[in-house]
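Have a look at the structure below before the remarks.
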Amino acid sequence: MEARLDLFGNQVAVKVLKYITSAHHVVAKSKLPDSTAELMRLRASQINGCAFCVDMHTKEALHAGETPVRLSLVAAWREATVFTEAERAALELTEEGTRIADASGGVPDEVWARVVKHYDEEEQAAMVALIAIINAFNRINVISQLPHAGDYHAGQVLL
């Protein structure tokens, strides 16, 4: 597959990606646990079919100490017993926020209540921003057909 657009060679794309990456850094510096953030990014990327981001966030999670068993079960987290209640709330919010067009009325109150039970307001804001940011990255990559899935190395700087 060949990319439709050179995201790193186009001035507009580079500027947009730098702004999105800057927002990503704000989330990364928040109190939201890194492991939870990577699980959320991985789940959204799976839903959106963004192979580049699935590759990236699987490798980043492994590098940060996540286990292969837990990562292999992210796609089936509802049936898996390896996630905490807090992680399950984060994964559910990620799914609802990623599939927002499928829900009449957006994210259900009961989903948000489970998030509030486990995360404070700073973490909640980081989670909402994270879901918006990873969905933006996923859509840019899928639309432009970024073909480099499998080539990412943990800690790699892209911009």
Side-chain angles (χ1 to χ4, degrees), residues 7 17 20-156 158:
L7 295 176
L17 289 171
I20 297 171
T21 300
S22 178
H24 165 81
H25 291 309
V26 172
V27 172
K29 292 178 183 175
S30 75
K31 293 179 5 184
L32 183 65
D34 291 339
S35 59
T36 301
E38 288 301 340
L39 293 174
M40 293 173 69
R41 290 184 190 105
L42 177 57
R43 185 63 191 127
S45 299
Q46 290 171 336
I47 292 166
N48 290 323
C50 183
F52 182 83
C53 289
V54 168
D55 179 40
M56 173 190 283
H57 297 296
T58 298
K59 290 173 179 173
E60 289 295 341
L62 286 167
H63 182 73
E66 191 56 76
T67 68
V69 170
R70 283 170 42 94
L71 290 177
S72 68
L73 290 170
V74 169
W77 67 268
R78 291 179 191 274
E79 294 80 24
T81 59
V82 297
F83 300 106
T84 66
E85 287 301 315
E87 291 167 336
R88 296 171 72 74
L91 289 166
E92 185 176 28
L93 179 65
T94 303
E95 285 193 4
E96 294 291 337
T98 298
R99 294 183 167 136
I100 204 162
D102 298 338
S104 59
V107 175
D109 290 340
E110 57 272 12
V111 171
W112 187 254
R114 285 189 280 279
V115 169
V116 169
K117 180 178 175 185
H118 298 285
Y119 299 97
D120 67 24
E121 283 193 16
E122 179 183 329
E123 293 165 320
Q124 293 163 25
M127 294 168 88
V128 170
L130 180 151
I131 293 165
I133 293 164
I134 192 59
N135 276 280
F137 276 128
N138 290 165
R139 281 154 176 74
I140 290 168
N141 291 340
V142 170
I143 292 167
S144 65
Q145 292 186 340
L146 188 67
H148 302 291
D151 295 338
Y152 181 83
H153 301 285
Q156 183 176 341
L158 299 175

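Computation of the quantities below employed the complete heavy-atom set of this structure, encompassing side-chain atoms and omitting hydrogens, waters and symmetry-equivalent molecules. The residues of the chain are indexed from 1 along the displayed sequence.
In this structure, CD in Glu38 is found 9.0 Å from CE in Met56, a value given to the nearest 0.5 Å. The structure places NE2 of His118 at 7.5 Å from OG1 of Thr84, a figure rounded to the nearest 0.5 Å. Separation of atoms CG (Leu17) and CG (Asn141) is listed at 8.0 Å; rounding is to 0.5 Å. Here the CG atom belonging to Leu62 is positioned 11.5 Å from the CZ atom belonging to Arg70, to the nearest 0.5 angstrom.
Across Ala75 and Arg43, no two heavy atoms sit closer than the pair CA-NH1, 3.8 Å. A pairwise comparison of heavy atoms in Ile134 and Cys53 identifies CD1-SG, 4.3 Å as the closest pair. Scanning both residues, Leu73 and Phe83, for their nearest heavy atoms gives O-CE1, 3.8 Å. The shortest heavy-atom contact between Gly97 and Ile131 is C-CG2, 3.9 Å. When all heavy atoms of Ala126 and Leu32 are compared, the closest pair comes out as CB-CB, 4.1 Å. Across all non-hydrogen atoms, the minimal contact from Gly49 to Val142 is O-CG2, 3.8 Å.
Side-chain atoms of Glu122 come within 3.5 Å of backbone atoms of Lys31 as a donor-acceptor pair (strictly under, hydrogens ignored). Although no hydrogens or angles enter the test, the distance criterion places no donor-acceptor pair under 3.5 Å between the side chain of Asp55 and the main chain of Ala51. With Glu95 contributing its side chain and Glu92 its backbone, the two residues share no donor-acceptor pair below 3.5 Å. Listed for the Glu66 side chain is no donor-acceptor partner under 3.5 Å among the backbone atoms of Ser35.
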Problem set entry | Stepwise salt bridge (charged side-chain N to carboxylate O under 4.0 Å, His left out) check, Glu85 with Lys117 | CA-CA 10 Å; Glu85 287 301 315; Lys117 180 178 175 185; over 6 Å; no
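Val82 is not listed as a side-chain neighbour of Trp77, based on a closest heavy-atom distance of 4.5 Å or more.
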